[in-house]
There are 2 protein chains.
Amino acid sequence: MSLAIEQPVTNADRTFFQLRKDIVEGDIPAGAKLSETELSTKYAVSRAVIREAINRLMSCHLVERRANVGARVVSLTPEGLVELYQVRESLEGMAARLAAKNMSDSEISDLQGLLNRHFDKVKTGESYYQEAGDVDFHYRIILGSKNQHLIAVLVDGLYHLVRMYRVQLGMAGPRVTTAFDEHKHIVQAIANRDEELAEILMRRHILYSKNNIENKLTSHPNK
Amino acid sequence: MSLAIEQPVTNADRTFFQLRKDIVEGDIPAGAKLSETELSTKYAVSRAVIREAINRLMSCHLVERRANVGARVVSLTPEGLVELYQVRESLEGMAARLAAKNMSDSEISDLQGLLNRHFDKVKTGESYYQEAGDVDFHYRIILGSKNQHLIAVLVDGLYHLVRMYRVQLGMAGPRVTTAFDEHKHIVQAIANRDEELAEILMRRHILYSKNNIENKLTSHPNK
DNA sequence: AATAACTAAAGTGTCGACAATATAGCCATC
DNA sequence: GATGGCTATATTGTCGACACTTTAGTTATT
């Protein structure tokens, strides 16, 4: 694979990663209270470690804390999902623009290679594209922007929330082949160094994705 | 005034606000090491409180920490400033778009009132506009977006960095009257509920601002 | 019966001490 | 003289205990 994975070094790191995983994947349900004492026994570390982990989870907007009361996992709402995608549209649009300007030729080649491999899979029908491939595609463009703030806000912050929504509202959905075409056009624009078009296409891509999800949520309001 | 100010309740809150202030205003210089023991004596609190404050400062991207080594105040670089303004352009553009959609009529009236008061000051010459007025203007539009993620990232995160750059690179600069005109046009677009135009104008406004700063930095490379 | 004040329980906020890690300085070796 | 390893020191990471706040349950009063 390609993405340098974050390496835990301290106990608080490990606990933070574990907690984040448990929250994103729903093992700790949305809206649940995070009792420090309870978690410290569950993960076999001191409360100080748990508190540090919770502090970092707050930075990701995965939990909210009220002083002297405690921390809760955020609740997922349709409105929250819409707001999240609005921010993604804005930031990833800018990321695509900057990627068209700042990615090296070899990075762009790699990106095209990634897309071709995806195409083979989509063609042969094994289209469990979304979870791995889609995220990988977006990550590369975000990193390609070479903008540290952009990268930090998206990768360390919002993307875990995106994943939490995806996992818990169960969206592996279709949109596979159409999304693939959109990805292809975005890469084309980046390869042409057309900043303006790259941004527009990425914004549309995310907007479509948002509309797609909204439709599913409103047509199947249950679950 | 108008903006609800964040109220410290715990000791860690107070220490965090104080530290943030000291960093933003340069009392603790950029790049400086943050020794936990040293700070705990200086602010007369335990190391646990300092550690919590430092954790929160990391969320704001005001300090960076390496495991088992310690935390340092971020260093200010021209590249970092450009990256920061790129993110602002993206996010505040979206904020203006959403504000055109979501601000209430009375909020828009208030905003126009604010602008008129600024105009009086600019006209009579007392143009220490920037620091208070400019920030207030941008804050209202960000809050007017009604998008919690957008608000959190900008208000709790990036804006303190913006202020840090402004204070430490000493930019009270001119651009007062021209910036005022740009503000006026943005409000006009919002009042017309023209989302597209509001976003475009805000992006241009921030882009101009960035170019202005870049010119100053490159023509006076010292200090 | 409803409300208010009080009390007890649980949980968070804060602290000081100990353990683990990194840094700087010294010494030995080549 | 430069390089490599060792020791001592300082700093961060982690822990368990105590203090304070909140909350729920209970009692007393109207």
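The chains referred to below are lettered A, B, ... by the order of the sequence lines, with proteins before strands, and numbering in each begins at 1.
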Counting just side-chain N and O atoms, does B/T10 come under 4.0 Å of either OP1 or OP2 of C/dT12? no
By nearest heavy atom, map A/A44 and A/V69 onto DNA chain D; which one lands nearer the 5' end? A/A44
List the steps, then state whether side chain to side chain donor-acceptor pair (under 3.5 Å) holds for A/H61 with B/H149. CA-CA 8 Å; A/H61 305 275; B/H149 293 291; 5.0 Å; no
About how many Å separate CG of B/D136 and CG of B/L115, when rounded to the nearest 0.5 Å? 10.5 Å
Would you state whether a donor and an acceptor, one from the side chain of B/R47 and one from the base of D/dG13, lie under 3.5 Å apart? yes
Would you say A/Y43 and A/D22 are linked by a side-chain donor-acceptor pair, where the criterion is simply a distance under 3.5 Å? yes
Rounded to whole angstroms, how far apart are CG on A/N11 and P on C/dA19? 16 Å
Students often get this wrong, so: under 4.0 angstrom with heavy atoms, is A/I54 touching a base, only sugar-phosphate, or nothing? nothing
Of B/V9 and A/D13, the one whose nearest nucleotide on DNA chain D sits closer to the 5' end is A/D13
Distance in angstrom units between A/E36 CD and C/dT12 P, rounded: 5 Å
Looking at C/dT14, C/dC15, C/dT23, which one has an atom nearest to any side-chain atom of B/V45? C/dC15
First encountered from the 5' end of DNA chain C, between B/R66 and B/V49: B/V49
Out of D/dT11, C/dC15, D/dT23, which nucleotide sits closest to the side chain of B/T37? D/dT11
Starting at CG of B/L34 and ending at C1' of D/dG13, how long is that distance when rounded to a whole Å? 17 Å
For atom CG of A/L39 and atom P of C/dT12, their distance in whole Å: 9 Å
When you look at A/R56 and A/E52, which way does the salt bridge (Lys or Arg N to Asp or Glu O under 4.0 Å) test go after all the steps? CA-CA 6 Å; A/R56 292 203 223 169; A/E52 169 144 357; 3.4 Å; yes
Roughly, in whole Å, what's the span from CZ in B/R51 to P in C/dA17? 17 Å
May I ask you to check whether B/N55 and A/R51 show a side-chain donor-acceptor distance below 3.5 Å? no
I need the CD-P distance between A/E52 and C/dT14, as an integer number of Å. 16 Å
Output the single nucleotide from C/dT23, C/dT14, D/dT12 whose closest atom is nearest the side chain of B/S46. C/dT14
Please determine, for the side chain of A/A48, which listed nucleotide (D/dT12, D/dT21, D/dC15) has the closest atom? D/dC15
At less than 4.0 Å, is any side-chain N or O atom of A/K33 found next to OP1 or OP2 of C/dT12? Yes or no. yes
Nearest whole Å is fine: how far is C/dT21 P from B/N68 CG? 7 Å
Take atom CD1 of A/I50 and atom P of D/dG16, then tell me their distance rounded to the nearest Å. 12 Å
Closest to the side chain of B/S35, out of D/dT23, C/dT14, D/dT12, is D/dT12
